[in-house]
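Structure first, commentary second.
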Amino acid sequence: MNWTQGQKQAIESKSCDITVAASAGTGKTTVLSQRAVRILGAQDLCPDVSDILVLTFTDAAAGEMKQRIAQNLNDAAIKNRNPHLRKQLLMLDSADISTIHSFCKRVISQHFHRLDLDPAFRIMDEDESKLIKAEILQQTIEAGWNDFPQGMQQLLQGRAVSNPKKNFLNCISEISDFLNTVVSRQKWFDRAAILNDAVISISSDAFENKKQIILEKLKTCKEQTEWSLKLDNEITAGHWRDQIISECLPAIVLAIEYLKKDSLKKFIEHLNCFEGFKWINKPKGLDDNIKEFVQAPARRAIGEFKNLSSLAILNSDYETLVGSSCSVQIKVLIELVKKFDLAYQTRKQQLTSVDFSDLEKFMLVLLSENGDIDSGKPSDIAITLAEKYKYIFIDEYQDINPVQQKIIDLLSGKAKVFVVGDVKQSIYAWRGADCGLFVERLNNAKQDNVKSRVDLNENFRSKPGILKFVNEVFVKIMTESVAVIDYDENAALKPFKDSHETANPDVELLVVDEEYQRESDDENEDDNNDSISFDAINRRAITVAQRIKELVEVEQFKIYDKKAACLRPCRYSDIVILTRSFAQRANNYVQILRLANIPVISDSSTGYFAATEINDMLSLLQVLDNPRQDIPLAAVLRSPLFGVSDSQLLK
């Protein structure tokens with residue numbers, strides 16, 4: 001294999017710990033499996049396959065990892081005729097290569113007696129867990145009204161509780177879910193109570209805890225203003241440059257300086273004195289849309305900067321006006337979360353069940369001395385496992401949460417830890433993943449001679465034109481304040497080779513001009529996407545269908561066929577359509593593509609019962625139940641089961 005310099009360093013490095021920042025398509029899974037094979041193949045490094053621990057985040061990834069390691073071991077064993085490699089290959093099934101949850105379950109099953117856990121415990125599925133949580137949430141609310149009615153009244157006053165999807169009290173279970181990724185639940189409760197009891201005023205010590213939040217807001221305001229300045233230089237030749245530099249930026253910079261020097265009084269005075277400014281007239285002939293585009297970031301920054309004065313921490317009247325009321329509400333909310341947690345845990349014990357978060361929590365208890373998570377000291381089980389594993393590999397490290405990180409810390413001991421991840425592919429923050437842990441590890445590896453950082457950014461998957469497009473977009477929108485990292489030279493994707501370049505463009509943008517509509521329908525508020533009408537979706541689907549027909553039937557767009565090792569015209573089966581909201585849009589696309597005689601397969605459990613073929617079968621069942629149902633009968637006749645055309649059906 002002709003490894004790149006970065007890949008070779010990651011595979012062969014002898015550093016204690018290695019952190020690999022691997023962009024998309026750079027062969028990170030191959031690198032991880034090759035390093036594992038290199039270590040397994042050296043008898044002095046790894047005499048037994050059980051000396052390694054490989055952790056991933058999905059069953060599919062774990063299966064692929066095991067398969068790749070097995071294949072590479074087999075190839076190496078055949079090539080080198082090494083009996084040690086052959087032995088490692090035969091024993092590979094006993095190696096700990098699995099998801100974090102599977103690994104935790106295995107250890108918990110071996111030491112269930114330490115946790116007073118039923119040895120026959122089962123893992124509760126997500127749907128069952130949701131139903132139980134909904135039931136317990138209702139019981140918790142009823143208990144709250146019985147235990148502290150006045151507090152509940154204050155908590156719910158002016159808050160929506162009638163709409164099931166917007167019920168404020170849903171935050172009880174949401175906070176509980178969030179706490180599943182916090183190392184110490186009790187410590188979090190204690191800290192919340194201390195912060196709540198602190199007098200929130202400008203003279204309070206609590207201000208020190210909040211200063212960083214305000215500094216982050218100011219930093220964002222500064223970046224937004226600088227972005228407007230950059231746009232102004234590029235688009236209008238610096239028409240508003242002097243105004244931004246003299247009237248806007250200095251106000252934000254001075255506020256940051258006051259805050260850093262703890263000159264709180266001067267900071268508040270400066271904030272209250274700032275009234276903004278009036279933009280000078282635009283250049284002649286400049287379109288209003290371009291003007292708005294250039295000024296928008298700075299306008300947002302000015303608005304957010306002025307709104308800082310409304311923060312409770314900066315308002316001396318806060319305690320008098322709302323402080324005591326908020327304090328009561330927070331205490332009630334914390335108590336409700338505690339009640340919910342206790343009831344849910346009790347119900348799981350009654351059902352001899354655990355959920356996925358329990359696996360991590362119980363594992364942490366087993367690995368902590370005397371079950372004390374806060375002590376930070378390893379238990380005898382942790383020490384035994386740490387002595388067992390000489391090498392630990394972790395894939396998709398950007399998806400790790402603080403609890404999983406603590407587990408790995410307690411397991412690592414003297415083991416050499418090899419982690420692979422990509423901050424740009426972090427998409428699980430909503431379930432507690434903290435890519436900041438990966439960034440911190442990358443930064444530590446930069447400064448430590450014993451640890452090693454490797455950047456993989458040579459992409460094997462995409463054509464140079466696509467990579468260029470991605471880089472040009474990401475370098476503008478991906479900054480440290482938004483995405484934890486700056487899209488710099490290390491993050492940018494680079495083409496490894498380009499042997500199959502064609503004259504066709506790599507990226508096309510089709511703009512469907514339509515009126516924007518925001519619908520109030522609850523169905524369209526399940527995700528964070530902007531709601532659009534079905535007519536708009538259909539217009540987009542028609543545009544896509546037309547372009548697909550052109551690519552396949554008219555232009556015969558050329559693609560590289562790996563099996564045939566040559567360029568060939570693309571087929572319908574080479575095309576995939578991705579949407580942000582599958583449930584609402586897939587069926588529209590399917591129907592329109594079929595009307596255009598484009599073969600289409602739509603595979604998603606989300607739209608299962610809405611799919612045409614499923615509707616046909618349901619209509620058939622309705623007709624078999626009662627043949628006098630005319631609409632299901634018409635649907636069955638029109639379906640491929642009978643193939644009656646519309647004109648035949650009309651007759």
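Sequential numbering from 1 along the given sequence is applied to the chain's residues. Only heavy atoms go into these numbers, but all of them, side chains included; no hydrogens, no water, no symmetry mates.
- One finds a salt bridge joining Arg568 and Asp574 here, because a Lys/Arg side-chain nitrogen approaches an Asp/Glu carboxylate oxygen to under 4.0 Å.
- A cation-pi arrangement is not found for Arg441 relative to Phe438, the charged atom failing to lie both closer than 6.0 Å to the ring centre and inside a 45° cone about the ring normal.
- Ionic pairing of Glu226 and Lys222 is present here: one or more N-O contacts between side-chain nitrogen and carboxylate oxygen are shorter than 4.0 angstrom.
- Between the side chain of Thr26 and the backbone N or O of Asn457 there is no donor-acceptor pair closer than 3.5 Å.
- Using a 4.5 Å heavy-atom cutoff, the side chains of Asn401 and Glu360 are in contact.
- Side-chain contact check for Val31 versus Phe418: some heavy-atom pair is nearer than 4.5 Å.
- Taking the charged nitrogens against the carboxylate oxygens, Asp455 and Arg453 do have a contact shorter than 4.0 Å, which makes a salt bridge.
- The main-chain N or O of Ala301 is never found under 3.5 Å from a side-chain atom of Glu304 such that the two would form a donor-acceptor pair.
- Checked for salt-bridge contact, Lys468 and Asp506 miss the test: no charged N lies under 4.0 Å from a carboxylate O.
- Of the possible polar contacts, one joining the Gln398 side chain to the Asp422 backbone as a donor-acceptor pair under 3.5 Å is found.
- Ion pairing of Lys219 with Glu216 is absent here, as no side-chain N (NZ or NE/NH1/NH2) approaches a carboxylate O to less than 4.0 Å.
- Between Lys494 and Glu489 there is a salt bridge, since at least one side-chain N of the basic residue sits less than 4.0 Å from a carboxylate O of the acidic one.
- Ion pairing between a basic and an acidic side chain is recognised when a charged N comes within 4.0 Å of a carboxylate O; Lys416 and Asp17 show no such pairing.
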Taking it one step at a time, do Glu613 and Arg594 satisfy salt bridge (charged side-chain N to carboxylate O under 4.0 Å, His left out)?
CA-CA 13 Å; Glu613 53 270 35; Arg594 284 177 177 165; 3.7 Å; yes

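- Within the 4.5 Å cutoff, the side chain of Gln7 has no heavy atoms near those of the Gln34 side chain.
- For the pair Glu555 and Lys549, the salt-bridge criterion is not met [side-chain N within less than 4.0 Å of a carboxylate O].
- Side-chain contact between Cys248 and Ile302 is present, with heavy atoms from C-beta onward closer than 4.5 Å.
- Taking all atoms of both residues into account, the shortest heavy-atom contact from Ala10 to Ile18 is O-CD1, 4.2 Å.
- A cation-pi arrangement is absent between Arg35 and Phe393 under the rule of less than 6.0 angstrom and at most 45 degrees off the ring axis.
- You'll find the side chain of Ile575 reaches within 4.5 Å of the side chain of Val552, heavy atoms only.
- Salt-bridge formation is detected for the pair Lys282/Asp288: a Lys NZ or Arg NE/NH1/NH2 atom is positioned less than 4.0 Å from an Asp or Glu carboxylate oxygen.
- Contact check for Ile97 versus Leu92: side-chain heavy atoms found under the 4.5 Å cut-off.
- Checked by atom type and distance alone, the side chain of Asn471 pairs as donor or acceptor with a backbone atom of Leu493 at under 3.5 Å.
- Under 4.0 Å is where a charged nitrogen must lie from a carboxylate oxygen, and between Asp561 and Lys563 no such pair does.
- Of the possible donor and acceptor atoms, one in the side chain of Ser173 sits under 3.5 Å from a partner among the backbone N and O of Asn170.
- With respect to Glu234 and Arg241, no salt bridge is recorded, no charged nitrogen being found less than 4.0 Å from a carboxylate O.
- Under a 4.0 Å N-O distance rule, the pair Glu64/Arg68 qualifies as a salt bridge.
- A donor-acceptor distance shorter than 3.5 angstrom exists from the side chain of Ser246 to the backbone of Asp242, with no hydrogens or angles considered.
- The shortest distance between side-chain heavy atoms of Ile577 and Tyr589 falls below 4.5 Å.
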